[in-house]
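See below for the structure under consideration.
Numbers restart at 1 for each chain; the letters A, B, ... are given by sequence-line order, proteins then strands.
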Protein chains: 2
Amino acid sequence: MKCSQDCRHCFRGLCIHRVPLFSSLSEENLVQIAGLIQHKNYEKGDRLISEGTTMESLIIINEGSVKAFRYTPAGREQRSYLFSEGDFFGEQYLFSDLKATYNVEALEAVKICMLTKTQLHKVLHTHPDVAIKLISELGKRIAQMENTFQSLGIRNVDARVATLLLDFASKYGEESPEGTVITLPISREGMANFLGIARETLSRKLSKFEDEGLIRSIDLKTLLVRDSGTLGDLAGLSD
Amino acid sequence: MKCSQDCRHCFRGLCIHRVPLFSSLSEENLVQIAGLIQHKNYEKGDRLISEGTTMESLIIINEGSVKAFRYTPAGREQRSYLFSEGDFFGEQYLFSDLKATYNVEALEAVKICMLTKTQLHKVLHTHPDVAIKLISELGKRIAQMENTFQSLGIRNVDARVATLLLDFASKYGEESPEGTVITLPISREGMANFLGIARETLSRKLSKFEDEGLIRSIDLKTLLVRDSGTLGDLAGLSD
DNA sequence: CTTTCTGCTTGATTTGAATCACAGCAATCC
DNA sequence: GGATTGCTGTGATTCAAATCAAGCAGAAAG
């Protein structure tokens, strides 16, 4: 199946074109790999991966977004990631026989592409470019995690909240004359878990930022960032 | 130069044999790659990498240990890693043109092996096995970081200290009839930075653990872990 | 051997976030 | 439309770790 201009109708080629991982490949190779890929859809709230499960595939998000999280021994959801279109995950487990150490849940309707363990191995062996790209992506992710580490180590909660807001602004924000409008992908509770702080504390911080004119809360799912400069200062000048 | 049984005297082959990264290679390939590797020695306190520098090589530690750290905007050392024999780092920067975002300093006399950007690319192209191994190692590192995330997100400082002690016990500890004797690679201040807590707090926690009979402080650089079971409970049953 | 310095401990106080408690609002269900 | 349920915001309180402040011990220097 050859891709026409509108990939939305070419399910095989769809995700592969979007994924930076395969961007270095020729059209011919793309089509070849596309044939190996399986597709699956999930509804909001569906579990894609559960802790302790054996992972057999690399998963690439084609449409929608998911959260990755764990439970603390006390049973609270904790420190999750958000993955959205073009992101991939599950690669850690494809080369070891470890079980998944986190859960992944759909935040909305989600379409994914899967490449199984053996197929990925084959691809990596025959296309070193893909391997290098994958290494590079993993490197980026590590660098990003190191950044997150830094902000985590900082006790200053204001800085963490500011960082999250700016992150969201760049990922989910849309520019408007008044500032950046963010459509929040997760609830306040979710954000608090993400930051490792109490729900109430997040509320208070957001209220404070609003009092200071840095943001404006449109409704529970929508936020306007009015002064990203000051937020940036807060995020950086921590400690 | 072919490796004899005692690799210590065969500088070219030395690190390559130790590094899991290259373990899948044939002796022939090993020798070939060994020829590309450069060696360097550092004294305690020497800087291997400075923030903002361009990284041109993958660095593999052959002997000794180093710490990786950043400075907070306020100028405090923060949240470092410890790398020792067989560990490698710097790979994130070899595929992007990013500058180093952390500093690396020798904690003792250190011998390293370096493989430059272009040489590594060449190796990865010609030896897909090495690429896959590298991907797998990076995956492991990510998994490990995710674990660290979890313990970081936990407010319970006791748990974090306990985790660190157990980590050190397995990395630097030696069994003795009374328990595991740890020769600490870093100062109290270093450990506190590592954990993201105040130096004083660490002191107090260690004193508390000692009162409870879990550990015994031999001298400032030596620690005896007497009850790793209870420490494990503390580390796990946090929050 | 004494002095000095550096890193460590211990105590007192402060601070900032967690927790507890409850009220308001929104969404869903009947 | 009204009721149940699940989020959210705010105030009061508690608590744990940071900070401030001495004091101590071991190492290096004179």
Residue A/V157, side-chain atoms from C-beta onward, closest of C/dA17, C/dC8, D/dA18: C/dA17
Sugar-phosphate, base or nothing in reach of B/K221, heavy atoms under 4.0 Å: nothing
Gap between atoms CD and P, on A/E189 and C/dA26 respectively (whole Å): 19 Å
Listed once per pair and sorted, the salt bridge (Lys or Arg N to Asp or Glu O under 4.0 Å) pairs that draw on residues 173-198 of chain B, sequence neighbours left out: B/E178-B/R216
Gap between atoms CG and P, on B/N193 and C/dG7 respectively (whole Å): 12 Å
Closest listed nucleotide, where the reference is the side chain of A/K205 and the choices are C/dT9, C/dA17, D/dG9: C/dA17
Selection from D/dG9, C/dA18, C/dC8 that lies nearest to any side-chain heavy atom of B/S187: C/dC8
Integer-rounded Å distance: C/dA17 P and A/D158 CG: 7 Å
B/S207 side-chain N/O to C/dT10 phosphate OP1/OP2 under 4.0 Å: yes
Check: A/I218 main-chain N/O paired with A/T222 side-chain donor or acceptor under 3.5 Å: no
B/S65 vs B/E108, side chain to side chain donor-acceptor pair (under 3.5 Å): CA-CA, chis, key distance, verdict: CA-CA 6 Å; B/S65 57; B/E108 48 188 323; 2.7 Å; yes
Atom pair distance, as rounded to whole Å: CD1 in B/I197 and P in C/dT9: 12 Å
Nearest-0.5 Å distance, CE of residue B/M191 to CG of residue B/L206: 5.5 Å
Got a list of protein N/O to nucleotides 12-15 of chain D N/O distances below 3.5 Å?
| from | atom 1 | to | atom 2 | distance (Å) |
| --- | --- | --- | --- | --- |
| D/dA12 | N6 | A/R204 | NH2 | 3.4 |

ring-ring contact (aromatic ring centres under 6.0 Å, His included) partners of B/F83, counting only residues at least two apart: B/F89
Show me, pair by pair, the donor-acceptor contacts under 3.5 angstrom made by side chains of residues 163-171 of chain B, not counting sequence neighbours?
| from | atom 1 | to | atom 2 | distance (Å) |
| --- | --- | --- | --- | --- |
| B/T163 | OG1 | B/A159 | O | 2.7 |
| B/S170 | OG | B/D167 | O | 3.0 |

Atom pair OG1 (A/T53) and CZ (A/R47), whose distance is rounded to the nearest 0.5 Å: 9.0 Å
Terminal helix-axis angle for the helix from C/dC1-D/dG30 to C/dC30-D/dG1, with five pairs defining each axis and rounding to 10 degrees: 40°
Pairwise N/O distances under 3.5 Å, protein to nucleotides 21-23 of chain D:
none

Rounded distance (Å) that lies between atom P of D/dG9 and atom CE of A/M191: 8 Å
Where A/V66 and A/A106 come nearest, the two heavy atoms and their spacing: CG1-CA, 4.0 Å
Stepwise salt bridge (Lys or Arg N to Asp or Glu O under 4.0 Å) check, B/R141 with B/E146: CA-CA 9 Å; B/R141 190 171 297 177; B/E146 275 165 0; over 6 Å; no
Presence of B/S203 side-chain N/O under 4.0 Å of C/dT9 phosphate oxygens OP1/OP2: yes
Nearest-Å distance for atom pair CG/P, residues B/L202 and D/dA16: 18 Å
Side-chain heavy-atom pair B/F88, B/L58 within 4.5 angstrom cut-off: yes
Touch class at under 4.0 angstrom, heavy-atom based, for B/L220 against every strand present: sugar-phosphate
Spacing of A/R160 atom CZ relative to C/dG16 atom C1', expressed in whole Å: 12 Å
Modelled atom types, side-chain donor and acceptor of B/D227 and B/T230, under 3.5 Å: yes
Pair B/R226 + B/E210, salt bridge at N-O below 4.0 Å: no
Interatomic distance where CG belongs to B/L206 and P belongs to C/dG7 [whole Å]: 17 Å
